[in-house]
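This structure is a prediction, so every number in the text was calculated from the model and none was measured. When a ligand or atom number is given, it counts from 1 through the structure's own listing order.
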Amino acid sequence: MSYLIRGATLPDGTTTDLLLRDGVLAEGPADGAEVIDAEGLRVLPGLVDLHTHLRQPGREDAETIETGSRAAALGGYTAVCAMANTDPVADAAGIVEQVWRLGREVGLVDVQPVGAVTLGLGGERLAELGAMADSAARVRVFSDDGHCVHDAAVMRRALEYVKAFDGVIAQHAEDPKLTAGAQMNEGEQSARLGLTGWPAVAEEAIIARDALLAAHVGSRLHVCHVSTAGSVEVLRWAKSRGIRVTAEVTPHHLLLTDELAATYDPVYKVNPPLRTAEDVNALREALADGTIDAVATDHAPHTREDKECEWAAARPGMLGLETALPIVLRTMVETGLLDWAGVAERMSHAPARIAGLTGDGATGAHGRPLAAGEPANLVLVDPSASWTVTPEGLASISRNTPYAGLTLPGRVVATFLRGRATVLDGKAQA
Ligand SMILES: NC(=O)N[C@@H](CC(=O)O)C(=O)O
Ligand SMILES: [Zn+2]
Ligand SMILES: [Zn+2]
């Protein structure tokens with residue numbers, strides 16, 4: 001099947017026709033192509049998520065590779081990095097290969113497995129990083145996400161190890177000694193509510209330490225879900241020194257604040273916690289000026305049992321794949337902080353570069369320019385269509401969206417993975 005997309009507006013604001021044929025953006029006659037009228041629609045390169053929890057293997061009651069892939073395609077994604085905190089943990093070649101193959105079989109999005117840094121996320125012994133890198137899944141991103149690689153010597157060795165194949169360590173920056181028993185951001189709100197606080201310094205101190213380690217080793221560090229104004233300052237300093245550090249921010253940290261904890265509704269419980277309005281503003285500015293390189297969803301599905309309970313007992317985490325782009329439009333584009341080219345950079349090009357997906361990896365190439373000969377990975381967005389989020393309307397098995405009832409701008413009309421429609425007329429194609 002080939003498609004002729006008529007009159008779509010490119011990220012730079014110019015309007016063009018796009019011919020999708022044999023998996024690539026083609027030139028020449030459009031004979032036999034199905035015509036899609038894209039007047040008034042925006043086209044973006046297929047979005048790339050650096051941070052997705054797909055829960056398979058182990059917690060298929062919360063999400064599967066299939067349901068998570070469908071949510072991703074509906075959100076405009078063509079590639080997602082599947083986090084390693086599954087059961088069993090993705091700490092060996094056999095497991096990352098299995099995740100990669102299952103993603104291929106579903107075929108709605110390229111699932112690029114993230115490998116664990118340490119065996120069983122235990123924080124002590126390095127996982128088989130080289131074997132995962134050499135496997136069919138061609139792993140380049142390693143993370144103990146959910147846990148911090150807290151031991152500086154382990155972190156140093158991991159950074160040294162991945163240097164050989166230009167891998168990157170994605171750190172969940174949280175000093176566990178400083179966050180013991182923490183339930184929410186430490187500050188005015190936690191004092192008022194009487195909940196144990198998660199201080200900003202627990203994140204900032206680890207980022208500073210790891211930036212220094214990355215500089216010492218000459219290796220690549222990526223910081224997951226940056227959440228505080230202080231972290232932005234540390235990143236700015238590290239980048240000004242030429243340290244090879246990149247960072248991501250989640251849509252929820254760009255929009256929501258710790259005042260929501262006063263509802264005691266665990267849907268707002270997430271790690272790192274929602275912070276203050278000042279933090280939100282600093283994160284938006286950092287994403288605008290490039291101190292933060294990418295938006296990543298940290299899509300973290302949880303079952304009703306694990307989420308609809310008391311605040312203290314609830315697991316941290318929020319759904320994100322189907323709402324990420326609309327939240328970025330609301331917080332960054334409507335505010336004038338980013339234009340559409342900026343959205344393409346922060347949600348496609350930069351994450352693809354960080355994850356090593358721009359070339360011939362185990363997945364196809366992602367985050368490439370929308371130019372002739374390039375893989376036809378793209379998304380069509382109706383910027384003027386707004387929609388109201390309903391948990392039942394989402395493709396995820398889980399229901400833990402913090403945006404229920406919220407009306408958001410921007411509807412994904414179609415998503416194409418190597419020229420094949422994974423979403424058409426706003427509906428998933430399998
Ligand atoms: N973000 C979360 O609150 N939870 C994540 C783990 C993580 O990203 O740290 C999860 O796996 O549920
Ligand atoms: Zn994390
Ligand atoms: Zn995570």
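- Residue C224 does not count as close to the Zn ion (ligand 3), with no N, O or S atom under 2.8 Å.
- A donor-acceptor contact shorter than 3.5 Å links the side chain of S143 to the backbone of A170.
- In terms of modelled atom types and a separation under 3.5 Å, the side chain of D145 and the main chain of N85 share no donor-acceptor contact.
- Of the polar atoms of G317, at least one N or O is found under 3.5 Å from an N or O of ligand 1, judged by distance alone.
- With distances taken over non-hydrogen atoms, the option nearest atom 10 (C) of ligand 1 out of R55, R315, H252 is R55.
- Annotation for E124: atom CD does not count as buried by contact number, only 12 or fewer foreign heavy atoms lying within 6.0 Å.
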Chi angles and distances behind the ring pair (Phe, Tyr, Trp, His ring centres under 6.0 Å) call for H172, H147:
CA-CA 6 Å; H172 167 115; H147 301 266; 7.7 Å; no
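- The part of D298 lying near ligand 1 is the side chain, judged by heavy-atom distances below 4.0 Å.
- In the vicinity of H225, heavy-atom distances shorter than 4.0 Å reach the ligand 1 atoms 8 (O), 9 (O).
- Minimum-distance N/O/S atom of D298 relative to the Zn ion (ligand 3): OD1.
- Nearest protein heavy-atom contact of atom 5 (C) of ligand 1 is H53 NE2, 3.7 Å.
- Nearest N/O/S atom of D145 relative to the Zn ion (ligand 2): this is OD1.
- Considering all non-hydrogen atoms of both residues, Y264 and W311 come closest at C-CE3, 3.7 Å.
- Using 4.0 Å as the threshold, E174 has no heavy atom nearer than that to any atom of ligand 1.
- Residue-level proximity to ligand 1 for H299 is absent, since no heavy atom of it falls below 4.0 angstrom.
- Using a cut-off of 4.0 Å between Lys/Arg side-chain N and Asp/Glu carboxylate O, D293 and K239 are scored as salt-bridged.
- In this structure, E334 places its CD atom where more than 12 heavy-atom neighbours from other residues, nucleotides or ligands lie under 6.0 Å away.
- Against a heavy-atom cut-off of under 4.0 Å, V270 is close to the following atoms of ligand 1: 3 (O).
- Close approach of ligand 1 to H302 (heavy-atom distance below 4.0 Å) involves ligand atoms 12 (O).
- Neither the backbone nor the side chain of M318 has any atom closer than 4.0 Å to an atom of ligand 1 (non-hydrogen atoms only).
- Taking CZ from R59 and OG1 from T64, the interatomic distance works out to 13.5 Å, rounded to the nearest 0.5 Å.
- R138 forms no cation-pi arrangement with W100, by the criterion of a distance under 6.0 Å to the ring centre and an angle within 45° of the ring axis.
- Of the inter-residue distances, the one linking C224 atom SG with I207 atom CD1 reads 10.0 Å to the nearest 0.5 angstrom.
- When each atom of ligand 1 is checked for a heavy atom of P316 under 4.0 Å away, the hits are 2 (C), 3 (O), 4 (N), 12 (O).
- In H172, the part holding a heavy atom less than 4.0 Å from any atom of ligand 1 is the side chain.
- Here K269 has no heavy atoms under 4.0 Å from ligand 1, in either its backbone or its side chain.
- Taking 4.0 Å as the cut-off between side-chain N and carboxylate O, R104 and E97 do not count as a salt-bridged pair.
- The contact set between ligand 1 and D145, taken as ligand atoms under 4.0 Å from a residue heavy atom, comprises 6 (C), 7 (C), 8 (O), 9 (O).
- Interface atoms of ligand 1 facing G146, defined by a heavy-atom separation under 4.0 Å, are 6 (C), 7 (C), 9 (O).
- Summary of contacts: the protein heavy atom closest to atom 3 (O) of ligand 1 is N271 N, 2.9 Å.
- To the nearest 10 degrees, the Zn ion (ligand 3) sees NE2 of H53 and NE2 of H51 at an angle of 110°.
- Restricting H172 to its N/O/S atoms, the shortest distance to the Zn ion (ligand 2) is reached by ND1.
- The proximity of A300 to ligand 1, defined as any non-hydrogen pair under 4.0 Å, is limited to the side chain.
- Remark: the backbone N or O of G320 is not paired with any side-chain donor or acceptor of T297 at under 3.5 angstrom.
- Put simply, the side chain of R353 never gets that close to the backbone of G367: no donor and acceptor are under 3.5 Å apart.
- Remark: the S396 side chain and the E63 side chain contain an N/O donor-acceptor pair separated by less than 3.5 Å.
- Under 4.0 angstrom from ligand 1, there are no non-hydrogen atoms of M83.
- The distance from the Zn ion (ligand 3) to the nearest N/O/S atom of H225 is not under 2.8 Å.
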